[in-house]
Amino acid sequence: MRRTVLLFAIATGLALGAGCGKNDRPPPPSTGAPDMQTETGPKGAQAGKIPQQAELLFREKCAMCHGLDGTGNGPGARELPVKPRNYTDPKWQESVTDDEIRKIILLGGMAVGKSGNMPGNPDLKDEPDVLEGLVKIVRRFGKK
Ligand code: HEC
């Protein structure tokens, strides 16, 4: 009986001692990579940054002329004397800067010496995220 108690005491002491030792140790260094990808999926990273509002605006307004596929075949483009560009053309994609795309979306074709049929969207001045999203949408057509 006495032996059992003694053994128990020793065992408990060891356990406590071991426990304390463990708790004193600093936590192991984090193994997480610094550039861990939280957004997975093939298109996740690219599409995730485009605000829904920009996607909607493109579908409801821009696609009328530029087409849902970005080739410029929207129903509104049929009667236009100057047809919208084909966004999927890699040569066109290379020929313009994001700044130029941003400017024509904001100010319209007339402001940059192009067709006045390309309407401006001056209200997007206060919604830079949406404007940026539209630029990305235009660029996305070039990534096939
Ligand atoms: C009423 C038809 C129409 C609508 C709506 C329209 N566009 Fe356009 N867009 C045009 C035309 C036409 C051009 C070509 C202008 C030119 O080359 O002279 C153009 C040109 C552009 C260009 C420049 C292409 C280049 O050659 O540099 C961009 C970028 C653009 N549009 C984006 C948009 C976005 C984004 C929207 C929606 C917010 C939009 N457009 C809505 C007709 C339209």
Side-chain angles (χ1 to χ4, degrees), residues 4-5 7-144:
T4 319
V5 172
L7 276 176
F8 180 71
I10 291 170
T12 317
L14 278 176
L16 281 175
C20 280
K22 235 179 215 157
N23 287 345
D24 286 346
R25 242 176 272 152
S30 165
T31 48
D35 55 345
M36 239 178 14
Q37 290 189 348
T38 43
E39 279 175 21
T40 48
K43 286 187 200 151
Q46 194 60 36
K49 288 186 219 140
I50 298 176
Q52 198 56 34
Q53 214 184 328
E55 299 277 10
L56 265 177
L57 190 63
F58 189 86
R59 249 178 285 155
E60 287 173 4
K61 188 173 180 182
C62 323
M64 232 171 52
C65 297
H66 292 281
L68 279 173
D69 61 359
T71 58
N73 67 355
R78 245 172 259 151
E79 312 293 324
L80 297 178
V82 181
K83 303 281 181 256
R85 300 307 177 94
N86 179 354
Y87 290 162
T88 65
D89 179 1
K91 284 210 201 84
W92 175 78
Q93 289 281 355
E94 271 172 41
S95 75
V96 290
T97 65
D98 284 359
D99 261 354
E100 285 168 328
I101 295 177
R102 207 173 290 130
K103 195 169 176 195
I104 194 168
I105 294 175
L106 198 59
L107 304 174
M110 206 107 89
V112 297
K114 291 194 169 182
S115 166
N117 284 314
M118 166 61 200
N121 300 268
D123 46 315
L124 289 184
K125 188 162 49 73
D126 302 322
E127 298 187 79
D129 289 358
V130 178
L131 180 59
E132 220 43 50
L134 286 170
V135 174
K136 283 188 189 128
I137 290 171
V138 170
R139 287 299 193 196
R140 194 172 57 191
F141 288 115
K143 293 174 191 150
K144 281 276 155 83

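Ligands are counted one by one from 1 in listed order, and the atoms in each one are counted from 1 as well. Keep in mind the model is a prediction, meaning the values are calculated, not measured.
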### Interatomic distance, Leu134 atom CG to Glu55 atom CD [nearest 0.5 angstrom]
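The distance works out to 9.0 Å.
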### Query
Going from CG on Leu131 to CG on Leu57, what distance comes out if it is rounded to the nearest 0.5 angstrom?
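Going from the CG atom of Leu131 to the CG atom of Leu57 covers 10.0 Å.
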### Query
For Asn73, what residues pass the side chain to side chain contact (heavy atoms under 4.5 Å, CB included) criterion, not counting sequence neighbours?
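Once residues adjacent in sequence are excluded, the partners of Asn73 under the side chain to side chain contact (heavy atoms under 4.5 Å, CB included) criterion are Asp69, Thr71.
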### Criterion side-chain contact (heavy atoms from CB on, under 4.5 Å) against Arg85, the qualifying member of His66, Gln93, Lys114
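Result: among His66, Gln93, Lys114, Lys114 is the only option passing the side-chain contact (heavy atoms from CB on, under 4.5 Å) with Arg85.
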### Message
Within the structure provided, determine whether Ile105 and Cys62 are in side-chain contact (heavy-atom separation under 4.5 Å).
### Response
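When only atoms from C-beta onward are counted, Cys62 and Ile105 do not touch, as no gap falls below 4.5 Å.
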### Nearest heavy atoms of Cys65 and Leu80, plus distance in Å
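Residues Cys65 and Leu80, closest heavy atoms: SG-CD1, 4.2 Å.
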### Query
Got the residues with a heavy atom under 4.0 Å of ligand 1, by chain and number?
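Ligand 1 pocket, heavy atoms under 4.0 Å: Lys61, Cys62, Cys65, His66, Leu80, Val82, Pro84, Arg85, Tyr87, Trp92, Val96, Ile101, Ile104, Ile105, Lys114, Ser115, Asn117, Met118, Pro119, Asn121.
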